[in-house]
Amino acid sequence: MSFICRFAPSPTGPLHIGGVRTALFNWLLAKKNKGKFYLRIEDTDKERSKEEFKKQIIDSLTWIGINHDGEEYIQSKNIKKHKEIASELLKKGYAYKCYCSEEEIKKQKEKCKKQGIPYTYNRKWRDPKDLKVPTNIKPVVRFKSKITGESKIKDLVQGEVNITNSIIEDFVILRQDGSPTYQLSAVVDDHEMKITHVIRGDDHKINTFKQKQIYEAMKWDIPEFAHIPLIHSDKGSKLSKRDMASTIGDYIKKGILADALRNYLLRLGWAYKDKEIFTLEESINLFDLKGVGKSPSKLDLTRILSINEYYIKNIDEKQLFDLLKRFAEKFRTKIDSSKEKSVLESISFLKNKAKTLDDIYCNSEYIIKDNIEILAEDKKLLDSNSKKIISEFLEKFNKIDNPNRENIEKIINDLIKKYNTNFKGVGQPLRIALVGSRFGPGIYNIILSLTKNEVVKRISKIN
RNA sequence: GGUCCCAUCGUCUAACGGUUAGGACAGAUGGUUUUCAAUCAUCUAAUCGGGGUUCGAUUCCCCGUGGGACCGCCA
């Protein structure tokens with residue numbers, strides 16, 4: 001059985017993480033079934049569609065590793081076809097022209113609101129026998145929706161869903177200016193693209209009942225449908241553009257890895273036994289619509305961070321370094337080529353304390369930057385005694401030709417003995433002098449990750 | 001308000017109608033360490049309520065309750 005699916009966002013705003021997940025599910029299924037995954041930009045709303053959003057959508061998908069087959073399909077390029085289908089529906093009696101003015105509709109809505117009854121278009125022009133066609137109003141074209149009976153869809157996630165036909169109004173398929181609406185365009189395009197599986201957010205469920213009627217009127221094959229539950233914000237409602245960290249860009253900025261986010265999104269609303277970490281290959285092999293739950297799930301940043309931490313600790317270190325390099329250049333300060341070697345060599349301990357690339361960057365800052373600033377509260381910890389200790393350290397350190405773990409350890413141990421202190425008594429002031437903070441990597445790691453000159457320079461500055 | 005959907009630890013979720021209801025994240029406690037972190041061990045924590053069906057319901061059915069989505073000449 002062939003499997004052709006698509007992701008069809010509208011470029012009227014930045015793609016958020018819910019959309020990315022929908023795209024991911026589609027893509028995974030296409031890969032699993034050796035089918036096709038297309039990207040369709042639904043830009044028939046000329047007013048709100050923006051080129052920059054189209055770019056953002058494609059960039060987001062690319063970043064997380066979702067690549068579509070063929071060129072992206074631009075819906076507005078197919079408007080002519082959509083209109084043809086509209087006139088065919090008109091000709092066959094499945095649609096009709098409605099001459100209600102916008103004011104007339106508005107008045108009806110207000111009236112319904114006052115009476116507390118739900119508004120549906122009153123189908124005034126469905127049977128225009130006794131009506132005089134006004135000459136001053138351009139009509140819209142409405143689809144002649146079923147009035148009686150029930151409709152059923154077999155949803156691959158939700159199971160059977162039934163509705164009473166009469167609640168579906170005669171929806172507009174051609175606007176007053178003759179342009180097609182989403183309901184029409186989506187169906188025509190899905191048909192032309194030979195889409196076999198429509199996997200989209202739960203918020204489209206009602207649309208399916210409208211669109212199904214167009215398929216039936218055109219005697220076209222109806223694709224399978226799957227409506228996946230929406231992602232909710234921590235407040236429990238549909239994710240909106242206002243919610244924090246909801247676009248891919250927000251996560252990139254935080255230093256989240258693509259694989260980590262992919263893994264998180266995969267597990268949001270779907271599970272495979274007790275498995276938590278999925279390689280790309282595993283997700284393709286194991287993903288299945290049957291495993292998708294029916295209830296919406298909340299976005300949980302701590303979980304994302306935790307998965308990110310896992311990936312940071314487990315991916316190849318050279319690869320991690322490259323990611324860090326690009327991250328630093330884009331969002332922080334470019335790592336000077338003279339420092340690259342040292343950062344790369346130190347990454348195994350720099351990453352240890354990190355949940356994000358930004359954390360690694362912060363941990364690396366003492367290597368990356370030539371001038372470190374000591375925090376005021378840490379400066380206080382440098383009393384005369386500790387200053388004395390580190391200047392003595394400096395003196396001895398200077399005499400070493402090739403600093404290594406053993407000879408540094410000896411110096412420190414001697415100092416501990418001499419000053420009758422513990423490791424902290426020596427290590428803490430050294431760390432403050434070298435890193436600018438009492439928090440940081442292990443002291444041997446710090447010293448060995450800097451050049452001898454740099455160590456000397458930083459300690460000398462203290463006194 | 002109408003229509004539809006959903007309901008297991010705080011969160012993501014597992015459990016052919018038979019499990020001491022499992023795992024992960026978060027949280028708590030303790031050990032270790034050179035600070036922070038990490039790590040290891042342990043612990044806390046859930047089947048929304050009420051009726052059925054059944055020898056037996058988290059699981060099937062009904063009714064409540066709660067949450068959500070949709071109700072555009074947006075997509």
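Throughout, a chain's letter reflects where its sequence line sits, starting with A, and its residues are numbered from 1.
- For the pair A/His204 and B/A75, the ring geometry qualifies as stacking, because the centroid separation is below 5.5 Å while the planes lie within an angle under 30°.
- Under the 4.0 Å criterion applied to side-chain N and carboxylate O atoms, A/Asp59 and A/Lys55 are assigned as salt-bridge partners.
- Side-chain proximity of A/Arg48 to the nucleotides B/C74, B/U3, B/A75 is greatest for B/C74.
- The nearest pair of heavy atoms linking A/Thr44 to A/Arg175 is O-NH1, 4.1 Å.
- Under the side chain to side chain contact (heavy atoms under 4.5 Å, CB included) test applied with A/Leu39, the options A/Tyr73, A/Trp27, A/Phe7 reduce to a single match, A/Phe7.
- The phosphate of B/C5 (OP1 or OP2) has no side-chain N or O of A/Ser295 nearer than 4.0 angstrom.
- Defined by atom type and a distance below 3.5 Å, a donor-acceptor pair is missing between the side-chain atoms of A/Glu282 and A/Tyr272.
- Salt bridge A/Lys212/A/Glu216: present, at least one basic N to carboxylate O contact under 4.0 Å.
- Straight-line distance between the C1' atoms of B/G10 and B/U47: roughly 16 Å, to the nearest whole Å.
- The distance from atom CD1 of A/Ile206 to atom C1' of B/U3 is 6 Å, rounded to the nearest whole Å.
- Scored by the side-chain contact (heavy atoms from CB on, under 4.5 Å) test, A/Ala226 finds A/Asp155, A/Leu156, A/Val157, A/Ile199, A/Leu289 as partners (sequence neighbours excluded).
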Using nucleotides 16-22 of chain B, report all nitrogen or oxygen pairs with the protein that are shorter than 3.5 Å.
unit_1	atom_1	unit_2	atom_2	d
B/G22	N2	A/Asp274	OD1	3.0

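- Taking a 4.0 Å limit (strictly below) on heavy-atom distances, residues 357-367 of chain A does not reach RNA chain B anywhere.
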### Task
Go through the steps to decide whether A/Tyr99 and A/Trp125 satisfy the test ring-ring contact (aromatic ring centres under 6.0 Å, His included), and finish with yes or no.
CA-CA 7 Å; A/Tyr99 291 88; A/Trp125 290 88; 5.0 Å; yes

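- Residues that satisfy the side-chain contact (heavy atoms from CB on, under 4.5 Å) test with A/Asn404, not counting sequence neighbours, are A/Glu406, A/Asn407.
- B/A28 and B/U42 make up a base pair, with Watson-Crick or G-U wobble contacts both under 3.5 Å.
- Separation of the P atoms belonging to B/A45 and B/A21 is 14 Å when rounded to the nearest angstrom.
- For A/Arg6 and A/Glu42, the salt-bridge test fails: no basic side-chain N is under 4.0 Å from an acidic carboxylate O.
- Between the P atom of B/C5 and the CG atom of A/Asn207 lies a distance of 16 Å, rounded to the nearest Å.
- Ranking B/C12, B/C4, B/C74 by closeness to the A/Ile163 side chain, first place goes to B/C4.
- Note on ring orientation: taking the six-membered ring where Trp is involved, the planes of A/Trp220 and A/His191 are parallel (angle under 30°, cut-offs 30° and 60°).
- To the nearest whole angstrom, the two P atoms, one in B/U8 and one in B/C4, are 22 Å apart.
- Going from the C1' atom of B/G67 to that of B/G22 covers 26 Å, rounded to whole Å.
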Report, one pair per line, the protein and nucleotides 65-68 of chain B atoms (nitrogen or oxygen only) whose separation is under 3.5 Å.
unit_1	atom_1	unit_2	atom_2	d
B/G68	O2'	A/His232	NE2	3.2

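- Taking atom C1' on both nucleotides, B/U58 is separated from B/U13 by 14 Å, rounded to a whole Å.
- Using N1 to N3 plus N6-O4 or O6-N4 for Watson-Crick, or N1-O2 and O6-N3 for G-U wobble, each under 3.5 Å, B/U47 pairs with nothing.
- Remark: A/Lys294 is in phosphate contact with B/C6, judged by side-chain N or O atoms under 4.0 Å from OP1 or OP2.
- Pairing for B/G66 goes to B/C6, judged as Watson-Crick or G-U wobble with the two contacts each under 3.5 Å.
- Under 3.5 Å, the side chain of A/Asp43 and the base of B/A75 form no donor-acceptor pair of N or O atoms.
- B/U42 and B/A24 have their P atoms separated by 11 Å, with the value rounded to a whole Å.
- For A/Arg200, there are no salt bridge (Lys or Arg N to Asp or Glu O under 4.0 Å) partners at least two apart in sequence or on another chain.
- Heavy-atom distances under 4.0 Å link RNA chain B to A/Val172, A/Arg175, A/Gln176, A/Thr181, A/Tyr182, A/Gln183 of residues 170-183 of chain A, given in residue order.
- Interface remark: the A/Arg431 side chain does form a donor-acceptor pair with the B/U34 base, using a distance-only criterion of under 3.5 Å.
- In this structure, A/Glu317 and A/Phe321 have side chains that are not in contact, with every pair of non-hydrogen atoms separated by 4.5 Å or more.
- Nucleotides B/C60 and B/A14 place their P atoms 13 Å apart, quoted to the nearest Å.
- A donor-acceptor contact closer than 3.5 angstrom is absent between the side chains of A/Asn26 and A/His197.
- For A/Glu42, taking side-chain heavy atoms from C-beta onward, the closest of the listed nucleotides B/G23, B/A75, B/U3 is B/A75.
- When the C1' atom is used for both B/C9 and B/C5, the distance is 24 Å, rounded to whole Å.
- Taking A/Ile443 as the reference, A/Ile412, A/Phe423, A/Leu430, A/Arg431, A/Ile446, A/Ile447 meet the side-chain contact (heavy atoms from CB on, under 4.5 Å) condition, with sequence neighbours excluded.
- By the 4.0 Å N-to-carboxylate-O rule, A/Asp250 lies too far from A/Lys254 to be salt-bridged with it.
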Report all interatomic pairs (protein N or O, nucleotide N or O of nucleotides 37-43 of chain B) with separations under 3.5 Å.
none

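- Applying the ring-ring contact (aromatic ring centres under 6.0 Å, His included) test to residues at least two apart or on different chains, the pairs with a partner in residues 141-160 of chain A are A/Phe143-A/Phe171.
- Legend: residues meeting side-chain contact (heavy atoms from CB on, under 4.5 Å) with A/Lys107, ordered by chain and number and at least two apart, are absent.
- Sorted by first and then second residue, the ring-ring contact (aromatic ring centres under 6.0 Å, His included) pairs involving residues 289-312 of chain A (not counting sequence neighbours) form an empty list.
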